[in-house]
Amino acid sequence: GERSTGAGVIDLKLSLKERRDGKAILFAKLLGARELIALDTNGKSDPFIQLQVVPHHLFPDCELKQSTVKKSTLEPIYNEMFEFIIPQDQICNGVLVLTVFDYDFISANDFEG
């Protein structure tokens with residue numbers, strides 16, 4: 001699916017596989033992003049995306065995941081797969097939050113959306 005925040009579009013495919021132990025695997029394939037905001041002086045960004053299943057108290061085993069950094073682009077292509085182990089009885093209570101940052105080598109990373 002595609003989700004627009006007004007600060008760009010993230011292309012993502014989700015699938016779910018139930019296991020026999022009462023848990024499920026949420027597969028999140030991060031395809032890419034487009035129409036991102038330019039945050040560097042060169043008119044580009046060095047975007048990376050963090051993925052997290054929340055609320056944390058319901059999904060304590062779901063660690064924050066992070067894509068690779070793509071240099072000097074506003075339309076990065078990732079094709080990266082992330083897996084989250086979640087309790088089957090909490091599937092409907094979770095939200096997958098994606099946050100885009102601009103990587104900065106010298107200072108703190110910039111929030112992009």
Side-chain angles (χ1 to χ4, degrees):
E2 170 180 300
R3 186 73 157 163
S4 176
T5 62
V9 177
I10 297 174
D11 295 315
L12 182 73
K13 284 188 179 181
L14 299 174
S15 62
L16 190 68
K17 180 179 180 183
E18 293 184 358
R19 300 189 329 189
R20 294 181 186 193
D21 63 357
K23 297 195 177 194
I25 304 172
L26 173 63
F27 296 97
K29 184 169 186 181
L30 178 59
L31 301 172
R34 50 197 156 85
E35 302 172 23
L36 296 179
I37 298 170
L39 293 176
D40 290 344
T41 56
N42 65 0
K44 303 285 185 178
S45 287
D46 303 316
F48 68 93
I49 300 177
Q50 290 183 344
L51 303 89
Q52 186 173 26
V53 178
V54 296
H56 184 70
H57 71 278
L58 294 179
F59 304 95
D61 298 330
C62 291
E63 297 179 3
L64 177 74
K65 312 279 184 169
Q66 183 173 301
S67 74
T68 57
V69 175
K70 301 299 181 179
K71 293 292 204 180
S72 295
T73 182
L74 299 179
E75 302 205 1
I77 297 172
Y78 293 100
N79 287 319
E80 296 179 29
M81 181 68 79
F82 300 91
E83 297 180 11
F84 299 92
I85 307 297
I86 57 176
Q88 287 183 19
D89 62 349
Q90 295 295 333
I91 289 172
C92 294
N93 296 322
V95 176
L96 178 61
V97 177
L98 287 81
T99 308
V100 181
F101 289 93
D102 174 43
Y103 176 79
D104 282 320
F105 181 72
I106 296 174
S107 61
N109 297 319
D110 296 321
F111 174 77
E112 186 157 333

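All values derive from a computational prediction rather than experimental measurement.
In this structure, E80 contributes its side chain and Q66 its backbone to no donor-acceptor pair below 3.5 Å. At least one donor-acceptor pair under 3.5 Å links the side chain of D102 to the backbone N or O of D46.
Interatomic distance, CD of E18 versus CD1 of I25, reported as 11.0 Å (0.5 Å rounding). Residue L14 holds its CG atom at 6.0 Å from CG of L96, rounded to the nearest 0.5 Å. For the atom pair NZ of K29 and CG of N79, the computed distance is 5.0 Å after rounding to the nearest 0.5 Å.
Transitive grouping of hydrophobic side chains (ILVMFWY, heavy atoms separated by less than 4.5 Å) brings F84 and L58 into a common cluster. I91 and V54 fall into different hydrophobic clusters, where Ile, Leu, Val, Met, Phe, Trp and Tyr residues are linked whenever their side-chain heavy atoms come under 4.5 Å apart, directly or through other members. The hydrophobic clustering, which links ILVMFWY residues whose side-chain heavy atoms are closer than 4.5 Å, places L26 and F82 together.
For residues 55-66, the salt bridge (Lys or Arg N to Asp or Glu O under 4.0 Å) pairs, not counting sequence neighbours, are K23-D61.
Using a 4.5 Å cut-off on side-chain heavy atoms (C-beta onward), V53 and V95 make no contact. Between S45 and F101, every side-chain heavy-atom pair lies at or beyond the 4.5 Å cut-off. Inter-residue side-chain proximity for Q52 and T99 is flagged as unmet; no heavy-atom pair is nearer than 4.5 Å. Side-chain contact between D104 and L39: absent, with no pair of heavy atoms (C-beta onward) separated by less than 4.5 Å. At a threshold of 4.5 Å between non-hydrogen side-chain atoms, the residues L98 and V100 do not count as touching. Using a 4.5 Å heavy-atom cutoff, the side chains of Y103 and K71 are in contact. Residues F48 and P76 have side chains not in contact (no heavy-atom distance under 4.5 Å, counting atoms from C-beta outward). The shortest distance between side-chain heavy atoms of E75 and L36 does not fall below 4.5 Å.
What you find for A24 and L16 is that their closest heavy atoms are CB-CD1, 3.9 Å. When every heavy atom of P47 is checked against every heavy atom of T73, the shortest pair comes out as CD-O, 3.5 Å. Shortest non-hydrogen contact noted between F59 and Q90 is CZ-O, 3.3 Å. Between S67 and Y78, the closest heavy-atom pair is OG-CE2, 3.4 Å.
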Report task. Go through the steps to decide whether L12 and L31 satisfy the test side chain to side chain contact (heavy atoms under 4.5 Å, CB included), and finish with yes or no. Result -> CA-CA 6 Å; L12 182 73; L31 301 172; over 6 Å; no

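Enclosure of atom CD1 in I77 is not indicated, since only 12 or fewer non-hydrogen atoms of other residues, nucleotides or ligands lie within 6.0 angstrom.
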